[in-house]
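Here is the structure we will look at, set down as structure tokens.
Lettering follows sequence order; numbering is per chain, from 1.
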Amino acid sequence: MLELLINPYIQTILKVIFLIFLVVLPSAALLTLMERKWSALIQDRRGPGRANIGKFTFLGIFHILADGMKLALKEDFYPAGTNRFLFTIAPYFGFFSAVTLFALLPITSPLGNFTFQIVDVNIGILMILAYMSFSIYGAVLAGWSTDNKYGMLGAVRASAQMISYEVFLGVSLLGLLVVYNSLRISDIVAGQNEYWFNGLIPKWGILTQPIGFLIFFTAILAEMKRAPFDAPEGESEIVAGFFIEYSGMRFALFFLAEYISLVGMAMLISTLFLGSYHFPWLLDAGFKLGSLPLVELPQWLVVFLRFITFGGKVLFCCWLIISIRWSLPRFKFDQIMKLGWNRLMPLGILNLIITILVTLLF
Amino acid sequence: MKVKVVTRDVGFLGKFYLPAVLMGLWLVSRHFFANLLFNKMTVTINYPEVKRPIAKRWRGRHRLTRHENGFIKCVACFLCEEICPANCIHIKSAEMPFDKSVEKYPSVFDIDELRCIFCGLCVEACPKDAIRMDTEIVSLAFTDRKKFDYTRNLLLDEAPDNKHTKYTNVPLPTSIEEALPNSKGVVADDLTN
Amino acid sequence: MNSSVGIDKDTDLMEIEIGPSHPAMHGIVRFSVSLSGETIVKMKAEIGYLHRAFEKEAENSRYIQILPYTDRLNYCSAIINNCGYSMAVEKLFGIHTPKRAEYARVIMMEVSRISDHMTCVAAAAMEVGAFTIFLWFIKAREYLWELIEDFTGARLTTSWTRFGGNANDFPDGFLDKLANHLIKVQEVIDECDKMATTNKIFVDRLKGVGILSKEKAISYGFTGPMLRAVGVAHDLRVADGGYSAYSDFDFEIPVGEVGDSYDRYLVRMEEMRQSISIIKQASQKIPKGSHITRNRRTSLPPKSEVYGSIEGMIDHFKLIMEGHTPPKGEVYVNVEGANGELGFYVVSDGSGTPVKVRVRPPCFNFVAAMADMCVGHPIADLVPTFGSINMIGGELDR
């Protein structure tokens, strides 16, 4: 039995199951509620809190169940003129691309030989970019297959926006790759636990690549089609954009994919730019600030602390993304393109040149 | 006339996206943390459980008032029916069979609260202070349309339920209790003396 | 059609119906839009979805019974409609309202104006995606509606004015509450100002969108903030000496320069501030007196007279059974509604029922100009333009 557990394939399968059912789905479901609650706090409301079992509402946590049940019990509906095959498969693209992201990101540092990461490929960053591109198909097929004009407009906007911003996503990461000198996620993570000035300031991505971080963050928002880049969904113009005709569980898939990718992107930002699971000055052996003596800690505690740190960072990123949504108006579609090609692209290239020069000179 | 030309200039910081994002985040997180930690700025209430205080002048559901002895004040003068812009008041007058001090009383006094627009003109028109809108009942919600037809007895008393009696010919009452329920059993002859 | 719009000859235009059931078409209106790509090349407004036959109803109602109908014209600022209609009938009668009533009217009209502008700016902000601003403004509007509720007994359908005055006098403690709530409202306005006015995304959405030249705006018959946004300083509150008690107060008329959606937004924001200043001035010097005239031909006698004296009772009955009977004639009274010139044209034949009550709705002209403002712009610009004209269905379709 124990031998089975040591088998790397079995381990990977267990990790996948663990990740999907204990991390991805619950956190996405929670985030749907969190977004509503947090936006309520921002807007001086109370937010959802009516769904109850008996007397208990638990801050509205049953709304997750209620929403899920409502969507599940809805009629399985195809609008007239739909391409049924494409209409059915479209939601899965976004879902797939959102979920696969988790395979590449470590949650905490390895405990002995056991890594808390499903796969650590040497082209990790490229794989992430490749997986992200999948969600474009979802948006385009969903919009096109419904035979709805609003849907079509949304699909066109979505495809143009997402393909463009993939470019900036790549450009912003180039600087990071130069700094950490690797495409492998674990190398980038390890590189962020190195220190400047004799162990004082950690070499986090946000400090080594501040401009890259800004571009990356913007591109991530656009890639997720989240406000202020939600022109493809453009609530007030094209109603709901590409998923206008979706209802029931297929809509739920879009909805869930959005929140799963929100968690995924928050994890990605934390991993690449916020030092991943590293807590400042917490080395593998224990705390060490500058030239002060090392405070030794057992490895399991270090791993646990790092897990908490990572969770905190992800939560912060989720909060940041959600708060940005509720604080900014929506871009117009042509402004999104202008922002991308006229501002982010030159800035990204400039950032890359500066990074290369700095790396070569120092 | 003083004229002020509005300033369209957005300033130096207005030329960039980042200050806008930071300003927005600052304002938003101020509300977020104030509400999260101290529940300070929340203005909404859990409505059915908590009710906000309503103004003294609030025009709520109507009620018919009584004299001190329990008799209805309304003398069926039809002024409220006349002034009602929504034509939602229906009165049928009848000779008061028991009380000789008044000539008429409303044998039927229906208000269709679905048609009522709560303008308050009936209250203003009443020369006897017989109809008021001070019940503080602000939400009338039933699952049946017929329940919105408030009849005389329901308007007199705070009845929770409602039976459909609109436009029906109510036969003349045989006793004072039937004519005016809860009239405290004052004998009519006593009043005339 | 705008000649500068480039149309791809090889592809068909996309005909798309925006509304009547569409998130941005609040107030119910339909735009039949032809799109080339995302650009609007043809646009037609279809109105009438909220037509309730106000004018026909008015032909069959007595003067006082029309008053509640006016609540439903511009439902964001019902009191201004009430006052406008009452002023028309008062002019027909040739009576004056007591100064105290005028002050109360001015205060409540300005409160309504703020709430109307707030609704407009909030809805426009929501349509460009700033949902938080919307809800903050709605929160502030609630403070104003509480004031209206305290004074009139209803939040939305006020039915508050009477011919020759108002239904009731200031309630107890009203002025303290007014001052208190105005501070809160001012805070919210400042906060939203910080959030939106210099926000580049917001400015980009509104600047250069929905421009109409000064000449065109005048020829379309624009009034109110829309006209002021193109740079014409015209405000009925001060034009020709003003009406009601507005000449007693000192305030500025904000005007724009270009006439785009951003100017309209700025003008409305500034007007809210000016309204607050008017309310503050007015609440400082409320004159003593009655809230309604004692003219027996136009106003009901006080209840004590109705209950206690036969003359009062007779007056009361006559006024209600016969209705108000103004002398023969016709009047046109226009007030500065929150949206612009709100006119009431009332024709009387001497009976208790008017021959005609015609309303000049301010936003009718704006909707007519929508096509001119939107053609040649992308579909995304339709939304802030439509938001900034503040179309109110009840007023437009009547």
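Other residues, nucleotides and ligands place more than 12 heavy atoms under 6.0 Å from the CZ atom of Phe134(C). Around OH of Tyr137(A), the count of heavy atoms belonging to other residues, nucleotides or ligands within 6.0 Å does not exceed 12.
Options Glu15(C), Met14(C), His22(C) differ in how many heavy-atom pairs under 4.5 Å they form with chain A, and the most are formed by His22(C). Of all the listed residues (Asp381(C), Ile138(C), Leu35(C)), the one sharing the greatest number of non-hydrogen pairs under 4.5 Å with chain A is Asp381(C). In terms of non-hydrogen atom pairs under 4.5 Å with chain C, the most contact-rich of Met152(A), Arg45(A), Arg157(A) is Arg157(A). Contact count against chain A (heavy-atom pairs under 4.5 Å) is highest for Ile201(C) among Ile201(C), Ile133(C), Ile379(C), Val383(C).
Between Asp204(C) and Lys332(A) the shortest side-chain heavy-atom distance does not fall below 4.5 Å. At a threshold of 4.5 Å between non-hydrogen side-chain atoms, the residues Glu17(C) and Lys149(A) do not count as touching.
When every heavy atom of Tyr150(A) is checked against every heavy atom of Ile18(C), the shortest pair comes out as OH-CA, 3.4 Å.
For Thr132(C) (side chain) and Ser327(A) (main-chain N/O), no donor-acceptor pair under 3.5 Å exists by modelled atom type.
The distance from atom CG of Leu339(A) to atom NZ of Lys200(C), rounded to the nearest 0.5 Å, is 9.0 Å.
Only the side chain of Asn199(C) comes within less than 4.5 Å of a heavy atom in chain A; its backbone stays farther off.
Within residues 37-44 of chain A, the residues having any heavy atom under 4.5 Å from a heavy atom of chain C are, by residue number, Ile42(A), Gln43(A), Asp44(A). Among the residues in residues 117-131 of chain C, those with a non-hydrogen atom closer than 4.5 angstrom to a non-hydrogen atom of chain A are Glu127(C), Val128(C), Gly129(C), Ala130(C), Phe131(C).
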